[in-house]
Structures are given as structure tokens and as C-alpha cells.
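Working notes, beginning with the structure itself.
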Amino acid sequence: MSETLAELVRGLAAGRFSSVELVDACLAAIGRHRDLNAFITVDAGAARAAAADADRLRAGGGQAPLLGVPFAHKDIFCTAGVRTTCGSRMLADFVAPYDATVVEKLRAQGAVMLGKTNMDEFAMGSSNETSHFGAVRNPWDPARVPGGSSGGSAAAVAAGLVPAATGTDTGGSIRQPAAFCGITGLKPSYGRVSRYGMIAFASSLDQAGPMARSAEDCAYLLAAMAGFDERDSTSHARPVDDYVGGLAGDLKGLRVGVVREHFGAGLDAAIGAATHAALAELERLGATLVDVSLPNSAMSLPCYYVLAPAEASSNLARYDGVRYGYRARDYRDLEDMYKKTRGQGFGAEVKRRIMVGTYALSAGYYDAYYLKALKLRRLVADDFARAFAHCDVIAGPTAPTTAFALGAKSDDPVSMYMNDIYTIPVNLAGLPALSMPAGFVEGLPVGLQLTGSYMDEARLLRVAHRYQQATDWHRRLPPLS
Amino acid sequence: MEWETVIGLEVHAQLSTRSKIFSGAPTAYGAPPNQQANEIDIALPGVLPVLNREAVRMAVRFGLAVEAAINHRSVFARKNYFYPDLPKGYQISQYELPIVQNGRLQLDLDGEVCVIGITRAHLEEDAGKSLHDAVDGMTGVDLNRAGTPLLEIVSEPDMRSAAQAVTYLKALHTLVRYLEICDGNMQEGSFRCDANVSVRPRGEARFGTRTELKNINSFRFVERAIEYEARRQIAVLEGGGSIRQETRLYDADRDETRSMRSKEEANDYRYFPDPDLPPLILTPDFVAAVQADMPELPSAKRERFCADYGLSRYDATLLTATRELAAYYESVVADGALDPKLVANWVAGELLAHLNSAGLELAASRVSASHLAGLLRRIRDNTISGKIAKEVFEAMWTEGADADSVIAARGLTQITDDSAIESIVDEVMAAHPKQVAQYRSGEEKVFGFFVGQVMKASRGKANPAKVNDILKRKLSA
């Protein structure tokens, strides 16, 4: 399926095809491309039934934009009655008795969930290789990773298995796979989308967001996902902007911040060139480029790799084999049960982060690591505040490289972590950012990251939409067999 | 050497909110295991806590009652440790910034007034319960209690005797029930106490090494556990040993404390601010609204009872132990326009004795305030004597009837008619000429004998004052 979600929305409204037809086409594509391993669970029966319901509702006058539109959820969102694994052996058979708020909201709009997409275990990874259910392949080159942690969602959209999918982003988990797979993905401001029912990795950084072909698609999805939720005390009460209605407009007068530090060592030269070309295009469309600096962003990585594991070490304590999830078969006593359950139930990367986080919070180290990291986080956020005094959005590369080969970084966690150098500062500051296709290097997609000030999603989407009206990078399809 | 015991108490009061502190599940006690635990209480993946506003109100109410500082910004933290009855693997509690700080509670111990400092009071969630040997010799976990709101009230190490500690604990117990923030039920664990105990030579300024005593969930056990522990520590020190900082468990059956774990074995709880809960910000309006809604506190009520009713501190303390008892007392006084001291004697005496021996709460009393007032009115208007009144009370308690119907049914009306009493006196004098002669020859101590005989002959109904007058007159004639 090569259409954008927005085109499907219009096609359904015009009666050019039915939801059942769309869902069948998606299911067929999913079946053809099983080798991508993009899905952990496909719920064909429920999807067909929901599509038939949607078609009936539409025949009866139903007009919700997403009514009957097929999509997939990252397997981090709890879905009542359909298992939610979070990419882990720990939850391989876990079925939640409730829907995440995001799941509830998309269902209420009539969107049809086809299944749950593959992901790095507990969203910890940048390559989707830490999944208990196996690595996902990049549709542009099956020998390469799709990025992570929302790798299954990115691959599924890029390969046309679904027009859109949800993702979550703690340090870049929507934007980096979107860049690697050549799609558009938006991480909203912290607090814009409810985290209720979304399995926590690092609570102060996690945000759910849309992944699709275009900014317009993301606007449709975000409109359905965003909003205050009384079940999430960190969700924001501010009314949701009209993202779809706000897409129109040109870029005249728009000040685009270009971050000096983004173009230093570590950035692939060809990506640098593609980024500059994209910036030039924005300029051509009426924007002014402004030089800005984020001097503390270099410290984002160490800061993030203290805070996120610290929160994770606590968030993942509930997986203890007592009430649900995996429990080791043989154990001597309670402590042995805990050790074996968690030793066997979690993969290596998850265990590494739990240990790092536990260490950072330990008596005697808390001040040196956790508190210090909190202070750095403040400095990083202040950098952005200063930069946004001079510009409206910040544009730069999403990732320093294109998709790397499967296995290339599996044994080198720090090199893997470096992949998120441009995305992590945004999470630390709680800001919205999207990645959109902005060219190719050696046949692999390059992403351009646009970062906005707090709750400025509508502007980000408008800028990206204008760019996508002038370019066709987001229209390119991978050469799938 | 003379030793001084130093005690600080940590009290966990379950707040009587309808729902849990971070979820909408009910808090009622006694449901079958795991029937009152929802997805948040059992910590399913992805769920989030939402703070119960009512628990916050109750904590502020307590803070204002102990004249504490109410922190307009307080922070929930996670206390991390693994245990099967702790579903999330952490307890949400307030650590560095509690909601209530620097309070005080005034005590009245044997007429001596002292002030105990309250370091802090913070909100947290209760854990579930592990039921050992519950299922085929295995341990079961009941998560009904998980997430029940607790107010942990930490005192300064200001107490110097077990008796003082118990007085403080009782005052706190009275206070939380006055404030209607905790039902105070110690059997059900709604009001629990840990004690930090150390000893030092009298006159020493530094504190000794303390031990923490757990599992002391009655006033009596608190007293006994502290006394035992102080004796133990003194014996260790006098024997040349030193005290280990440790947690000790009180065994009520053996009346001793046993080591549970030493400081070295203590958990590293890895406290950090809970990222799921923003800092709790209290507006001045919120605090003012709680203040405006404060009931009269036990100490104020006690002072008022002394001043307005002329009661002793002892009686005033007793009668203000619960809001209900104080209200009962005041209602009797007001109903009958009665002598407050007489009412105090009856409420603190007959009424409490009957309630205690029947094991009843005041609300279930078989003699209502208006019935008791009716009885006391009959004493005042001389319908019955104080002695007969006890008999009437007994009947009222048994039959649930009012005083007048008991008096009428049993013919207990006091004989106040002079001629009737005179004829009884005449009869008694005629029957005891020897004693009459004794009296008249100056042995006035036989007067009591005559009173007794007259009362006996009237079956207790003769008005004692009149009996006195008439006897005196006739014997002296």
C-alpha cells in the first residue's frame, strides 16, 4: 500500500474503497512480508470485524476522519484481550485487562488496529535487535536495522504493511527509526499524550506519538491521540490544537535554528550534505536560517544514560514473577525465584540498564550520578529555551548515520547509544520533535529532525507539511521483493 | 549509674478515605483476599498513580491540628525494595519533602504538662499482606491493603519513659479520631506504632545507639516492649557491651524483643522522586478551607471542660477521650441543666463501667444521653436517692427503658413525706430502746445505726436528708 493515511482518509470518505478492502490489503501485505518481522502479533479476525463495523458506521453517516483506517500499535501499548509483550520474554504471554488511553482514543475514532509491532525489549535499544521476538529488517535493505526502539512500526509503515502506526520515544525511539526507514514520525511534547497503559521505560521521558508517511498523516493521528487524561498526572491540561486544520500556511518569516554543534565530529559527511540541502529547501520556501547553539547537548548522552536507566531500574521492578508474566520454573526460595525469573525473563540490554540505574540510585552514588544528571538536564533544557528566543523551530540531522548493518553494533553499546545524540536532548527538555525524510545516502533514507518549543506541535507539522509539498522524499518506496 | 531512656515513635495511621491513595479501589477492611485491588494496586504494566485529594486534605488537617508547617510543595518519592506484597517493587512515599513538618503535641501526664515534637508527617501507600502458610503450606499474597493511604507521623526523640510514650500515643490516637482521619482500630492495623529506643547515663547530652522496635500494636505492648528494651540495653551497657543499631521485633507472648536485622543488613531503598507524580502543590486557599473546617481539638475541649464545667483534669481528659463521649457528656449536662460534676461522675462511672463490661462502643450504649439526663433529674428533684439511682440505672441498662418508667414500675419513688418518715422513725426508736438510751446519754455514734435502720425499713426509699433531720429531732426530744 503506497497511499498516505491522509489519502486513505479521503478515499474512505469518498467511498472509493471500503475499510474491509483496506484491511484485507494490509493483511495480505503483512503476510507477504513476514520476513521483515515487523509484527509480534497480528489480530486479523478482530481487524476484519472492526473494519466491517467501520464500514457500517460510515454507511450510517459516521464521519470521524480515522473511521475504518487501518493501523498498528507498537507492542508497548496495553490492549485488552490482545497480548502485550513489550518485546520481552517477561511479558511474552501477558494479556492486559485494559486498554491504554491511546488505544482507547484511536478505537473511539474508529481506527482499525491490525496488530502489535515489534520493538526493542522494553523500548531499550536503537536497532530493534534487543527484541525477544527477533530483529526487524529494514525494508530499504533487509541486511540493515530499521532503528529502534519503534523499529517494527517504522518498518511496517515504510514497507506499506500499514499506512500508520503508533510509536513511543524516550530518547529517539520514534524519530531515529523514522529516519532509518524513510518515514515521518513525531515525538510530542512531554505531557501532550497520555502515558496510561503504555508500558513505562523512563517515565519522565517517555512519550507516545504517530509514525506515518507524511506530516499530514501524523497530524491526523496526533489529533486522535493527544489530550489531557485524568489517569496520567503528568499529562497536560492545555487544549489540543487543530493539527490538521493548522497544516496550511507558508514558511514566510519562519526562523529556522541551525545548531552549530550538530555538524561536528561523528556526523556522516553525506548526511551533513543532505541536511544542508534540506535546510536550503526550507530557506527557498521562505524560511530564514538562524545560527543557534546548544552548548550542553554534548552532555545529554551521559545525562540520559543515568536518568533513563535509573527510572527504568525502578519501573521494571514489578516484573518479579509474583503476579503475572514470566516466572522461572525451578527455584529454591523467594530470592532464588526473583533472581532466576529476572535473570531469564530479561535480555542483556535490559539487564545492563537495570544494573546501571540501580547503581546510579544507590546510597553514596545518588548525588554524584542521579542528582548531577538532573542538574545537567536543566542545563540542556535552558539551552533550548535560549535558542528558541532566536528561532521558531530547530532543524538538523535526526541521526548521525543511516541505517547500519544488523549486528554491527550489537557488541558495542556505547557506539549504539551515540546514535541518539541528536534526539536525546529533546526528550530531556520535554519538547516536541519530528523526523521527516530528507534525502538518501547510498540508497538509504536520511531524516531531518525538526524540534519545536513546548506544545508547538502544530507549527512543526505545518513546516514539515510545507516541505513535503515541495519534495517527494516521503513518497519514495523501498524496493521490496 | 542512673540511666535515662530516650524514645521516639513512628506511627502509621491509615487514613479513612473511601478509595486508595493512588487508585479508585475501595479501602474497606475485611474483604476476601485480592477483591479490592485493581490494575493499579497490583501494578500491571503501564498503569499510573493519581493522588487522592481526600488523603491530602486529611494530612493537612492533621498538620494544622499539631500546629505544624504545611509545606505548600511536597514531593512523592519511590522507596525501592523487593517483596511479594509490594506489587510495584517500590512504595510511593514522601521522603525529602513531606507534606507536614515541625509540629507539636501537648501531653498531660499525671498533671504535668509536656510538649512532644513532631518531626514530620508524610503521605505514603500501605503494602499488601503476606499470608504465610495460607495455601497448602505456601505463602499467599493479599493485595487488598496495597495502596491504602497512610500518614506516617514521626516524633522527635522527646520521650523519657514508656509511660510517657504511651501517653503520647494515646493522645495521637485520640487526635486522629477527633479529626476523623483514621478509625484508630489497632486490631485491624489502622493505627500502628514502631518505637526508637536508646538509653544514656542521666545528664549525658548525646543520644545512645538506638534500636527500632517493630510489631507493637497495642498501648500495652508499646509500654512493655519499651520497658523490656530499655532494661536489655542497660544490662548490655552495664555488662561492658555496646548496643548495635538494629531493628528488633517485639514478641508479645514471650514479652521480649528479638533482633530482626542490623543496620548493615538494611536495604538500600534507592529513594528518588517519583516521575509519575508531579510535586504536590497546595494553594493557600486549600489550606485555609481545611483550617476553616477544623473541629474542636481534644486539648481545647479538655481545657474548656475544666473551665466551663469545673471538672478535674483527670475527669476532663477521660471525658474528652473521644468526640462521641464528650458529645454524650455535654448533651446530658445540657438536657437536664444538671450539675456538671454529678454528670461527670455518672458518665465516667456507671456508664463507662457498663460499656466496658459489655464490650460496647458508646454508639451502642443501652442508656442514651437523654435517658441518663432523665435519671439524674430525678436525683436532683429528690424523687430518688443516689443509691436508688444506681438500681434504676441497672434496670434502664437491662430494659432500655427511661428512668421514670423504671421508677414507677418498681415503686422506687423516694419517700419525702415528713409524716411517713416520722412514723418509720418512731417504729425504729420503739424497737431499739437500748440504743435510744445510749444516744441520749451522749453516745452520738449510734446515730448511724438509726439511719441504717430507717433506710432499711423504708427499703432505701426514704429521703436521707429528711431522715437525718427527723431522727435528730426525735432522738434529742
Side-chain angles (χ1 to χ4, degrees), chain A residues 76-78 84 86 88 90-91 94 96-101 122 191 194-200 202-206 229-235 307 310-311 313-325 334-335 337-338 342 357-366 370-371 374, chain B residues 21-24 34 37-53 75-92 95-96 128 130 132 138-143 146 263-264 266-281:
Chain A
I76 199 168
F77 295 97
C78 288
T84 302
C86 220
S88 181
M90 191 61 92
L91 294 175
F94 174 72
Y98 51 88
D99 282 329
T101 297
F122 283 101
S194 169
R195 294 187 295 115
Y196 190 84
M198 177 181 124
I199 297 179
S203 313
S204 75
L205 299 158
D206 297 343
D229 180 7
E230 60 180 14
R231 292 182 294 182
D232 175 3
S233 307
T234 64
S235 78
L307 294 181
E311 293 182 19
S313 71
S314 177
N315 281 334
L316 271 61
R318 67 188 59 196
Y319 309 111
D320 58 6
V322 173
R323 299 168 313 288
Y324 56 83
L334 178 64
E335 184 157 327
M337 191 279 279
Y338 281 152
R342 291 170 63 81
T358 302
Y359 181 80
L361 290 175
S362 298
Y365 300 100
Y366 180 84
Y370 185 80
L371 270 191
L374 278 189
Chain B
I21 184 166
F22 299 120
S23 90
N34 299 311
N38 69 12
E39 65 269 25
I40 293 167
D41 305 317
I42 68 172
L44 288 183
V47 299
L48 296 170
V50 176
L51 180 59
N52 182 333
R53 185 184 171 89
V75 171
F76 286 95
R78 294 184 181 178
K79 178 181 180 179
N80 295 283
Y81 66 96
F82 283 95
Y83 204 68
D85 61 22
L86 187 73
K88 293 188 290 295
Y90 57 84
Q91 178 196 28
I92 304 178
Y95 183 53
E96 282 182 335
S130 290
H132 298 296
M138 293 185 291
T139 296
V141 175
D142 177 5
L143 296 177
K263 190 188 175 191
E264 289 70 35
N267 279 313
D268 177 356
Y269 291 122
R270 291 172 281 122
Y271 280 99
F272 74 108
D274 190 332
D276 288 331
L277 291 162
L280 170 60
I281 307 295

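Bear in mind the structure is a predicted one, so any value in this text is a computation, not a measurement. By convention in this document, chain letters (A, B, ...) are assigned in the order of the sequence lines, proteins followed by strands, and residues within each chain are numbered from 1.
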Under 4.5 Å to a heavy atom of chain A? For Tyr271(B) that would be backbone
So what's closer than 4.5 Å to chain A heavy atoms on Asp268(B): side chain, backbone, both or neither?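 For Asp268(B), side-chain heavy atoms alone lie under 4.5 Å from chain A.
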Measure the spacing between CZ of Arg195(A) and CG of Leu48(B) and express it to the nearest 0.5 Å.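 Between Arg195(A) CZ and Leu48(B) CG, I get 5.0 Å after rounding to 0.5 Å.
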Test side-chain contact (heavy atoms from CB on, under 4.5 Å) on Ile40(B) and Tyr196(A); report intermediate values, then the result. CA-CA 11 Å; Ile40(B) 293 167; Tyr196(A) 190 84; 4.0 Å; yes
For the pair [X] (side chain) and [Y] (backbone), establish whether a donor and an acceptor sit closer than 3.5 Å, ignoring hydrogens and angles.
X: Tyr90(B); Y: Asn315(A); result: no
X: Arg318(A); Y: Leu44(B); result: yes
X: Ser233(A); Y: Pro49(B); result: yes
X: Arg270(B); Y: Ala363(A); result: no

Could you check, using the six-membered ring where one of them is a Trp, whether Tyr370(A) and Phe272(B) have ring centers closer than 6.0 angstrom? yes
When [options] are compared by non-hydrogen pairs under 4.5 Å with chain B, the top option:
options: Asp206(A), Thr358(A), Leu205(A), Leu316(A); result: Thr358(A)
options: Leu374(A), Asp232(A), Ile76(A); result: Asp232(A)
options: Arg323(A), Glu230(A), Met198(A); result: Arg323(A)
options: Ala100(A), Ala202(A), Ser203(A), Cys78(A); result: Ser203(A)

Asp142(B): partners by salt bridge (Lys or Arg N to Asp or Glu O under 4.0 Å), with sequence neighbours left out: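 With neighbours one apart ignored, the set is empty.
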Counting only heavy atoms not in Tyr95(B) (residues, nucleotides, ligands), do more than 12 fall under 6.0 Å from its OH?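 Result for OH/Tyr95(B): open.
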For [X], is it the side chain, the backbone, both, or neither that has a heavy atom closer than 4.5 Å to a heavy atom of chain B?
X: Tyr338(A); value: side chain
X: Phe94(A); value: side chain
X: Tyr319(A); value: side chain

Within the 4.5 Å heavy-atom criterion, are Pro45(B) and Leu91(A) side-chain neighbours or not? yes
State, to 0.1 Å, how close [X] and [Y] come at their nearest heavy-atom pair, and which atoms those are.
X: Arg78(B); Y: Glu311(A); result: NH1-O, 4.1 Å
X: Tyr366(A); Y: Pro273(B); result: OH-CD, 3.5 Å
X: Tyr324(A); Y: Ile42(B); result: CE2-O, 4.0 Å

Which residues satisfy the side chain to side chain contact (heavy atoms under 4.5 Å, CB included) test with Ala317(A), sequence neighbours excluded?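 Applying side chain to side chain contact (heavy atoms under 4.5 Å, CB included) to Ala317(A) gives Phe82(B).
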Identify which of Gly89(B), Gly24(B), Pro275(B) forms the greatest number of heavy-atom pairs closer than 4.5 Å to chain A. Pro275(B)
